[in-house]
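Here the structure comes first, spelled out in structure tokens, and everything after it is commentary.
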Amino acid sequence: MKMILIDTQVLTFALKKIYIEVDNRELDLFIKAEELLRKTLDNERVLISGQLVVELYHVLTMRGRKIPRDHAVVLIKDLLEEKNVKYRDIQRNMITKAMELSAETGIHIWDFLVVLPFVNEIDTIYTTDPHFNNKKFTEYATIENPLRIWRTEGAK
């Protein structure tokens, strides 16, 4: 079974899909992300770090089409309880490493904290974040953009 890390924006599209109006110009992205998440959960191991959970909650409730906080809690808890999800917390040494990598590359520390708990385990990272094309991330895993858009989290 492949080990897949799905980055924040892709997960956000997938989980917000039920809240998106049918005339939303990006509805196809939400549909594609939801299908990808379901297929991945059914066939692969999905890796979720503590940092990813924090980002996901923030983006679901505070960015773009905001969803109610209690709904976000349920969606994230349900995701974490999926049989093919592997959760891991961030350790102190990972924070130090993330700071060093951020200082070296200029990439947000958060991006490294999403990935570092699973170094040497990840096969593929699904992301829309162009930062993940950096050599530091491509050393950890194959980078794929299943939604075919490149944008940093929070960008329009």
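Basis for what follows: all heavy atoms, side chains included, without hydrogens, waters or symmetry-related copies. Counting begins at 1 with the first residue of the sequence.
No side-chain donor-acceptor contact under 3.5 Å links Thr61 to the backbone of Ile67. Of the possible polar contacts, none joining the Lys136 side chain to the Leu101 backbone as a donor-acceptor pair under 3.5 Å is found. Without hydrogens or angle criteria, Arg148 side chain to Asn145 main chain gives a donor-acceptor distance under 3.5 Å. The backbone N or O of Ile4 sits nowhere less than 3.5 Å from a side-chain atom of Asp123 that would complete a donor-acceptor pair. Remark: the backbone N or O of Met99 is not paired with any side-chain donor or acceptor of Ser102 at under 3.5 angstrom. At distances below 3.5 Å, at least one donor-acceptor pair connects side-chain atoms of Glu44 with backbone N or O atoms of Lys2.
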Side-chain donor/acceptor pairs under 3.5 Å, residues 33-41, sequence neighbours excluded:
unit_1 : atom_1 : unit_2 : atom_2 : d
Arg38  : NH2    : Glu82  : OE2    : 3.3
Thr40  : OG1    : Leu36  : O      : 2.7

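Counting non-hydrogen atoms of neighbouring residues, nucleotides and ligands closer than 6.0 angstrom, the NE2 atom of His58 exceeds 12 such neighbours. More than 12 heavy atoms of other residues, nucleotides or ligands sit less than 6.0 Å from atom CG of Asp28.
Side-chain contact between Glu55 and Trp110 is present, with at least one heavy-atom pair separated by less than 4.5 Å. Taking 4.5 Å as the limit, some side-chain heavy atom of Asn84 sits within range of a side-chain heavy atom of Met1. Counting heavy atoms from C-beta on, the side chains of Ile149 and Phe13 come closer than 4.5 Å. The shortest distance between side-chain heavy atoms of Leu79 and Leu56 falls below 4.5 Å. Under the 4.5 Å side-chain criterion, counting only non-hydrogen atoms from C-beta, Pro146 is not in contact with Lys32.
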Please report the C-alpha distance between Val73 and Tyr57 in whole Å, then the side-chain angles of each, then the deciding distance to 0.1 Å, and finally whether the side-chain contact (heavy atoms from CB on, under 4.5 Å) criterion is met. CA-CA 7 Å; Val73 169; Tyr57 177 81; 3.9 Å; yes
Run the side-chain contact (heavy atoms from CB on, under 4.5 Å) test on Gln9 and Thr127 for me, step by step, so that the C-alpha distance in whole Å, both residues' side-chain angles and the decisive distance to 0.1 Å come before the verdict. CA-CA 7 Å; Gln9 183 120 347; Thr127 187; over 6 Å; no
Take Leu75 and Tyr19 through the test side-chain contact (heavy atoms from CB on, under 4.5 Å) and record every step on the way to the result. CA-CA 12 Å; Leu75 288 170; Tyr19 298 91; 4.0 Å; yes
Start with the C-alpha distance between Arg69 and Met62, add both sets of side-chain angles, then the distance that settles side-chain contact (heavy atoms from CB on, under 4.5 Å), and finish with yes or no. CA-CA 9 Å; Arg69 290 183 175 125; Met62 306 278 218; 3.6 Å; yes
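For residues 88-103, the salt bridge (Lys or Arg N to Asp or Glu O under 4.0 Å) pairs, not counting sequence neighbours, are Arg88-Glu121. Among residues at least two apart or in separate chains, there is no ring pair (Phe, Tyr, Trp, His ring centres under 6.0 Å) pair with a member in residues 72-101.
The two residues Ile95 and Ile109 come nearest to each other via the heavy atoms O-CD1, 4.3 Å. Nearest heavy-atom pair, Thr124 versus Tyr126, reported as atom, atom and distance to 0.1 Å: CG2-CE2, 3.7 Å. Nearest heavy-atom pair across Pro117 and Ile90 is CG-CG1, 4.3 Å.
Relative ring orientation between Phe137 and Phe112 is described as parallel, the plane-to-plane angle staying below 30° on a 0-90° scale split at 30° and 60°.
Follow the hydrophobic side-chain contacts under 4.5 Å out from Val74 and you never reach Leu52; the two are in separate clusters.
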